[in-house]
Amino acid sequence: SVITVTYTITPKLAGCADGAPVVTTVQIEPTPQASLNNLAPVICNAGNANIQVSSPTTPTTAGNLMFDIAVASTNGPATGGTAFTALNNQTFPFTINGSLTNSSNDDITVTFTITPKLAGCSSGPVQIANVVVEPTPSVVVVNNVPTICDGGTPDFDITSLTVPSIPANLTFDIAVSLPPGVSGTGIAGSGVNGVAAPFSFNAGTLTNAATSSRTVVYTITPKLNGCANGASQVVNVVVEPTPQVSLTNNLAKICNNGTP
């Protein structure tokens with residue numbers, strides 16, 4: 001807060017009484033300060049920042065206390081959103097609450113640098129808040145055996161280009177849709193949830209009791225804890241039937257040298 005210093009000047013003449021004192025005051029402004037409260041240090045792609053900016057500083061004129069916001073990113077070309085904008089001459093209190101987007105496969109750190117200012121004085125110490133913006137989870141699937149025999153095992157590999165701030169938060173659910181006539185054992189028939197990439201889906205069997213081929217559909221959904229799911233990928237596995245033959249014996253008995 002402001003400090004007032006009082007000076008009292010007393011005129012004197014040797015051998016005489018002092019003259020009337022004169023009083024003057026000088027107000028000393030405080031160094032401007034900023035205080036930050038980062039309520040959302042990690043957000044999902046297209047989520048909102050939530051940084052509260054306040055100040056304990058009380059100058060003589062409240063309107064003279066302002067602050068500037070500079071913003072930077074570890075991957076500028078992939079960063080967007082309404083919060084990714086520098087602002088000048090903002091007044092306290094203030095909340096940085098716009099959106100931040102991440103179009104890359106890696107997490108991005110957005111840095112907000114807040115500089116408090118007091119008109120006519122030097123700027124105060126800067127304050128920094130970092131916000132990690134997670135990428136949208138993605139999945140890459142390679143179907144190694146798109147067609148299998150009756151009783152065979154599906155075989156596809158799951159990987160991801162996504163690199164979140166905490167790798168263990170990235171998982172995948174694999175759902176299976178069995179057509180009529182097809183049954184399965186193990187994860188081939190039931191699917192599986194919460195697996196981490198890389199993952200090879202090559203356990204269990206698929207049985208086709210029909211007389212024609214059937215297509216089993218696997219849907220792989222990438223998930224990042226606390227964020228919206230990424231785009232699902234679909235894998236089709238064709239299950240061939242067991243070959244069968246039907247016979248009609250038109251001549252169960254023939255003569256010597258006859259033709260069956």
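FYI, the numbering just counts along the sequence from 1. Because only heavy atoms are used, hydrogens play no part in the values below, and waters and symmetry mates are left out as well, while side chains stay in.
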State, with a plain yes or no, whether a side-chain heavy atom of [X] is found less than 4.5 Å away from one of [Y].
X: Val2; Y: Glu29; result: yes
X: Ile220; Y: Asp173; result: no
X: Thr74; Y: Asp106; result: no
X: Ser160; Y: Val140; result: no
X: Pro164; Y: Pro137; result: no
X: Pro241; Y: Ser213; result: yes
X: Leu87; Y: Ile96; result: no

Centroid-centroid distance, Tyr218 to Phe201, less than 6.0 Å
yes

Notebook entry, point to check: Parallel, tilted or perpendicular for Phe92 and Phe67, by the 30°/60° rule?
Noted result: tilted

Only one of Val110, Asn102, Thr101 passes side chain to side chain contact (heavy atoms under 4.5 Å, CB included) with Thr79, and that residue is Val110

- [ ] Given side-chain hydrogen bond (donor to acceptor under 3.5 Å, both in side chains), test Glu240 with Thr147 step by step and report yes or no.
- [x] CA-CA 7 Å; Glu240 298 285 14; Thr147 301; 5.4 Å; no

For this session: Identify whether Leu170 and Val141 are in the same connected component of the hydrophobic contact network (ILVMFWY, side-chain heavy atoms under 4.5 Å).
Result: yes

Q.
Same cluster or not: Leu39 versus Val53, using hydrophobic residues (I, L, V, M, F, W, Y) connected whenever any side-chain heavy atoms lie under 4.5 Å apart?
A. no

### Task
Evaluate whether atom CD1 of Ile9 has more than 12 neighbouring non-hydrogen atoms of other residues, nucleotides or ligands under 6.0 angstrom away.
yes

